[in-house]
Undergrad: 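Got a structure for you, written out below as structure tokens; questions coming shortly.
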Amino acid sequence: RSPPNGISMDVSGDDRGQSVQIGFVLIFGILIITLSIFQGAIVPNQNRTVEFNHYQEVRNDMTVLYTEIVSLGSSPRSGQVVTPVTLGTRYPARLVFINPPPAIGTLQSSGQEDITITTNTPGNSISATDICGGETSTGLVYSPEYQESTLPQIRYDNGLLYAETPDNENVMLENRVVVNESAQRVNIYRTSGRLEAKSEVGVLPIELTGTDTYGEANNVDLDPDSEI
């Protein structure tokens, strides 16, 4: 039946509002997926770069520390030298993404190790005390504690600076000749004292104290056929 006066009405729905809502949901979903990918992949990769750069920095710090120890051990001077070691690092601030806690590092003495000098001739024993004033030496070990990377410890022991992996594989970073056969000389860079474990993000100053016996040549008589 037609309405009065021949007027007809056509009621149809408007889908424009629904299309806008669907488009917004799609854009929001793409944005969430993009942010998730960035947080799960890009941010960790960027943090690994930060950790690697810091590891190179602390390796340089340990090399400087090693050089100062050897320098004090090679010269007859006493006195003190302060060498800083940057233990940890912070990740760059990000406006939207989440960072892990700062990466810390630990530096400590590695305990007393005996210094043993042997020859191939019975009866020609050499006392480490006669050469370097003591029978034991203390090492140092730096342990990084990164959030994204696993990098080896850096250790100093008696004139050697090396990286040690969890599998006990060593990579030599710096070393000095211990036995110089042509010069008939034994070089022992003995360190003493104790450094309690220091774990932090900042810079740790390491104080080295040389003694009057450092750098002095002590003569030890051996049989001409003896080899150390």
Side-chain angles (χ1 to χ4, degrees), residues 55-87 105-120 124-144 151-198 204-222 226-228:
Y55 189 76
Q56 299 304 310
E57 180 182 358
V58 77
R59 174 175 165 174
N60 291 336
D61 289 346
M62 292 294 289
T63 300
V64 173
L65 179 63
Y66 160 86
T67 302
E68 293 293 351
I69 292 174
V70 171
S71 297
L72 282 173
S74 303
S75 62
R77 62 186 176 91
S78 60
Q80 293 180 338
V81 176
V82 177
T83 303
V85 177
T86 306
L87 297 183
T106 302
L107 184 65
Q108 62 185 329
S109 56
S110 57
Q112 298 262 328
E113 298 290 341
D114 293 333
I115 300 174
T116 303
I117 305 172
T118 59
T119 70
N120 65 343
N124 264 335
S125 62
I126 303 176
S127 170
T129 302
D130 293 337
I131 296 179
C132 59
E135 298 285 342
T136 60
S137 183
T138 302
L140 290 171
V141 56
Y142 171 80
S143 304
L151 295 172
Q153 293 179 332
I154 301 177
R155 304 180 70 97
Y156 168 81
D157 284 306
N158 191 30
L160 304 177
L161 184 69
Y162 58 96
E164 183 179 69
T165 68
D167 298 328
N168 294 323
E169 296 181 358
N170 298 330
V171 178
M172 195 63 61
L173 304 178
E174 299 284 345
N175 69 299
R176 295 296 175 96
V177 175
V178 176
V179 179
N180 189 331
E181 295 182 359
S182 61
Q184 298 183 340
R185 184 181 181 91
V186 178
N187 300 312
I188 298 178
Y189 303 97
R190 175 177 172 266
T191 54
S192 61
R194 179 177 177 81
L195 177 64
E196 297 291 341
K198 303 291 185 182
L204 178 67
I206 304 298
E207 185 178 284
L208 304 173
T209 302
T211 65
D212 293 335
T213 59
Y214 271 51
E216 293 183 354
N218 297 322
N219 296 322
V220 178
D221 295 329
L222 291 176
S226 293
E227 293 182 357
I228 298 176

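All values reported here derive from a predicted model rather than from experimental measurement. Heavy-atom basis, side chains included; hydrogens, waters and symmetry copies ignored. We count residues from 1, following the sequence as given.
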Undergrad: Could you pull out all residues at least two apart from E164 that satisfy salt bridge (Lys or Arg N to Asp or Glu O under 4.0 Å)?
TA: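 Listed in chain order: R155.
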Undergrad: Measure the spacing between CG of L87 and CD of E57 and express it to the nearest 0.5 Å.
TA: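 The CG atom of L87 sits 10.5 Å away from the CD atom of E57.
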Undergrad: For a quick test of reading the model, state the closest non-hydrogen atom pair linking P205 to V82 and the distance between them.
TA: CB-CG1, 3.7 Å
Undergrad: Identify the residue among L140, V81, L161, I154 that makes a side chain to side chain contact (heavy atoms under 4.5 Å, CB included) with L65.
TA: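 Answer after filtering L140, V81, L161, I154: L140.
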Undergrad: Could you give the distance from CD (Q153) to OG1 (T106), rounded to the nearest 0.5 Å?
TA: 9.5 Å
Undergrad: Roughly how far, to the nearest 0.5 Å, is the CD1 atom of I206 from the CE atom of M62?
TA: 8.5 Å
Undergrad: Output the distance between atom CG (D157) and atom OG1 (T191), rounded to the nearest 0.5 Å.
TA: 8.0 Å
Undergrad: Please name the pair of heavy atoms, one in Y66 and one in E174, separated by the smallest distance, quoted to 0.1 Å.
TA: CE2-CB, 3.4 Å
Undergrad: Quick one: side-chain contact (heavy atoms from CB on, under 4.5 Å) partners of D167, sequence neighbours excluded?
TA: T165, E169
Undergrad: What heavy-atom pair brings L208 and I69 nearest, and what distance separates the two atoms?
TA: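 Closest approach of L208 to I69, heavy atoms only: CD1-CG1, 3.7 Å.
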Undergrad: Nearest 0.5 Å, please: how far is CG in N158 from OG1 in T138?
TA: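 Answer for the OG1-CG pair, T138 versus N158, is 11.0 Å.
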Undergrad: Look up atom OG1 in T63 and atom OH in Y156, then write down how far apart they are to the nearest 0.5 Å.
TA: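 Nearest 0.5 Å value for the OG1-OH distance: 12.5 Å.
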Undergrad: Do the side chain of Y55 and the main chain of P152 share a donor and acceptor less than 3.5 angstrom apart?
TA: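 Present.
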Undergrad: Check this for me, if you would: do K198 and E196 make a salt bridge, where the nitrogen-to-carboxylate-oxygen distance has to be below 4.0 angstrom?
TA: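 Judged by the 4.0 Å cut-off on N to carboxylate O distance, K198 and E196 do not form a salt bridge.
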